[in-house]
**Q** 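Provided herewith is a single structure, encoded as structure tokens, for subsequent inquiry.
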Amino acid sequence: MSNPSNIFITGASSGIGAATALLLVRSGHRVFGCARREDQLQSVANRLPSGLRPNLVTRVLDVMDVEDHIQAVSDCAAQFGSIDVAIPNAGLGIFENMADAALEDWHTMVDVNVKGVLNTLHCCLPHLKASKGLVVNIGSVASRNVFPQSGVYCATKHAVLALGEAIRQDLKSEVASTTVCPGAVDTAFIEQTRNPELLDQFRPNFKKGMQPEFIAEHVLHAIEGRGKGIVSDITLRPDFI
Ligand code: NJP
């Protein structure tokens with residue numbers, strides 16, 4: 001194992017974030033895992049053996065709450081002594097045709113997937129500069145392609161990939177950046193979509209998608225690869241694509 005890292009991650013209450021938090025702790029790292037649902041965060045922590053439990057600190061946080069975000073990152077740094085890795089993973093997709101979508105849903109996706117990521121980055125970058133750390137963004141195959149019925153989601157994930165590249169260019173020797181771009185992953189992600197026809201259409205693909213643990217393995221690989229090279233971006237696809 002490489003040196004233990006101190007890691008701040010959002011969206012740790014389910015899916016990719018939960019699997020990543022658990023794998024990182026099981027691999028010897030210390031994780032500060034945030035999300036809005038305290039009960040879900042607790043049930044993630046309960047999946048760890050008691051000896052490892054102290055290495056997963058859970059914290060209720062809405063990534064849109066700037067003041068609380070500043071406080072959460074500050075708490076993480078105070079508790080761990082440094083922040084070596086930030087993973088702005090919280091995100092959602094509400095799929096709908098551009099012509100039929102609710103403006104509120106577009107705003108929610110932009111707020112969480114772009115502004116929420118910016119909030120995490122802005123709070124964490126000073127700490128990451130001090131530790132010569134790493135950002136692991138969770139992009140998507142939608143970071144490079146646009147798919148039907150999900151245009152605004154795709155736009156937000158294009159932004160996430162751009163932000164990773166911006167960190168690479170602006171912070172070069174100070175902070176490294178990895179963007180993990182998965183295709184369909186079997187999580188609760190698709191359940192944010194309310195259109196019943198689209199749900200029927202998309203659910204089976206997500207159900208037979210990759211397991212979140214597979215995505216987590218690549219996050220771990222990017223973190224533990226530091227010193228050997230940088231995984232700038234990686235695309236992960238399910239077998240059926
Ligand atoms: O989805 P899900 P995934 N403040 O629904 C949190 C990307 N991705 O794991 O607050 C704070 O299981 C929410 O926590 P809670 C996707 O775009 C996925 O699949 O308690 N947290 C939960 O922990 C996203 O960036 C697929 O409700 C907020 C988490 O976000 C990332 O993977 C494909 C929040 C969502 O967990 C994780 O999604 C792809 C807020 N305001 C990219 N709002 C895929 N699954 O197929 C939400 O290409 N969260």
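Both ligands and their constituent atoms are indexed starting at 1 by order of listing. Along the sequence shown, the residues carry numbers beginning at 1.
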**Q** Taking heavy atoms and a distance under 4.0 Å, where does Val63 meet ligand 1: side chain, backbone, both or neither?
**A** both
**Q** Heavy atom to atom 31 (C) of ligand 1, shortest distance: which of Asp111, Val141, Asn89 holds it?
**A** Asn89
**Q** Is any NZ, NE, NH1 or NH2 atom of the basic residue among Arg226 and Asp84 found under 4.0 Å from an Asp or Glu carboxylate oxygen of the other?
**A** no
**Q** Hey, is ligand 1 close enough to Gly17 that some N/O pair sits below 3.5 Å?
**A**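 No, since none of the N or O atoms of Gly17 sits under 3.5 Å from an N or O of ligand 1.
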**Q** For this output row, return yes or no: ring centroids of Phe202 and Phe147 closer than 6.0 angstrom.
**A**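 No; Phe147 has its ring centre 6.0 Å or more from that of Phe202.
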**Q** Do we see a donor-acceptor contact under 3.5 Å between the side chains of Gln79 and Asp75?
**A**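 Side chains of Gln79 and Asp75: no pair found under 3.5 Å.
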**Q** Going by heavy atoms, is Gly116 under 4.0 Å from ligand 1?
**A**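 Flag not set, Gly116 not near ligand 1.
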**Q** Going hydrophobic residue to hydrophobic residue with side-chain gaps under 4.5 angstrom, can you get from Ile9 over to Val175?
**A** no
**Q** If I apply the N/O under 3.5 Å rule, does Ala184 come out as touching ligand 1?
**A**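 Min N/O separation from ligand 1 is not below 3.5 Å for Ala184.
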**Q** Find all atoms of ligand 1 within a distance of less than 4.0 Å from any non-hydrogen atom belonging to Val112, and give their numbers and elements.
**A**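 Selected atoms, number and element: 41 (N), 43 (N).
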**Q** Is a donor on one side and an acceptor on the other found under 3.5 Å between the side chain of Thr187 and the backbone of Gly15?
**A** no
**Q** Do you see a donor-acceptor pair shorter than 3.5 Å between the side chains of Asn89 and Thr10?
**A**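 Absent: no donor and acceptor within the cut-off.
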**Q** I'd like to know if Lys157 contacts ligand 1, where contact means a heavy-atom distance under 4.0 Å to any ligand atom.
**A**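 Flag set, Lys157 near ligand 1.
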**Q** Quick check: does Val185 get an N/O under 3.5 Å from an N/O on ligand 1?
**A** yes
**Q** Among protein heavy atoms, which sits nearest to atom 3 (P) of ligand 1, and what does the distance come to when rounded to 0.1 Å?
**A** Thr187 OG1, 3.5 Å
**Q** Taking Arg144 first and then Asp233, would you say they form a salt bridge - that is, a charged N and a carboxylate O separated by under 4.0 Å?
**A**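 So Arg144 pairs with Asp233 through a salt bridge.
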**Q** Tell me whether ligand 1 is touched by Ser143 - counting only heavy atoms on the residue side and a distance under 4.0 Å.
**A** no
**Q** What residue and heavy atom of the protein are closest to atom 8 (N) of ligand 1, and at what distance?
**A**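 Nearest protein contact, heavy atoms only, for atom 8 (N) of ligand 1 is Tyr153 OH, 3.6 Å.
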**Q** Closer than 4.0 angstrom: is that true for some heavy atom of Gly209 and an atom of ligand 1?
**A** no
**Q** Could you establish whether Gly139 and ligand 1 come within less than 4.0 Å of each other, counting only heavy atoms on the residue side?
**A** yes
**Q** Does the side chain to side chain contact (heavy atoms under 4.5 Å, CB included) test come out yes or no for Phe8 and Val85, once each step is laid out?
**A** CA-CA 6 Å; Phe8 182 89; Val85 182; over 6 Å; no
**Q** Check this for me: does any side-chain nitrogen of one of Arg36 and Asp65 sit under 4.0 Å from a carboxylate oxygen of the other?
**A**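 Between Asp65 and Arg36 there is no salt bridge, as every charged N stays at least 4.0 Å from the carboxylate O atoms.
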**Q** Just distances here: any N/O of Ile138 and N/O of ligand 1 closer than 3.5 Å?
**A**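 No; the residue has no nitrogen or oxygen that sits under 3.5 Å from a nitrogen or oxygen of the ligand.
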**Q** Could you identify the single nearest non-hydrogen protein atom to atom 11 (C) of ligand 1 and state the distance to 0.1 Å?
**A** Leu61 O, 3.3 Å
**Q** Based purely on interatomic distance, does Arg37 place a nitrogen or oxygen under 3.5 Å from a nitrogen or oxygen of ligand 1?
**A** yes
**Q** Considering both backbone and side-chain atoms of Phe206, is one of its nitrogen or oxygen atoms within less than 3.5 Å of a nitrogen or oxygen in ligand 1?
**A**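 N/O-N/O distance below 3.5 Å does not exist for this pair.
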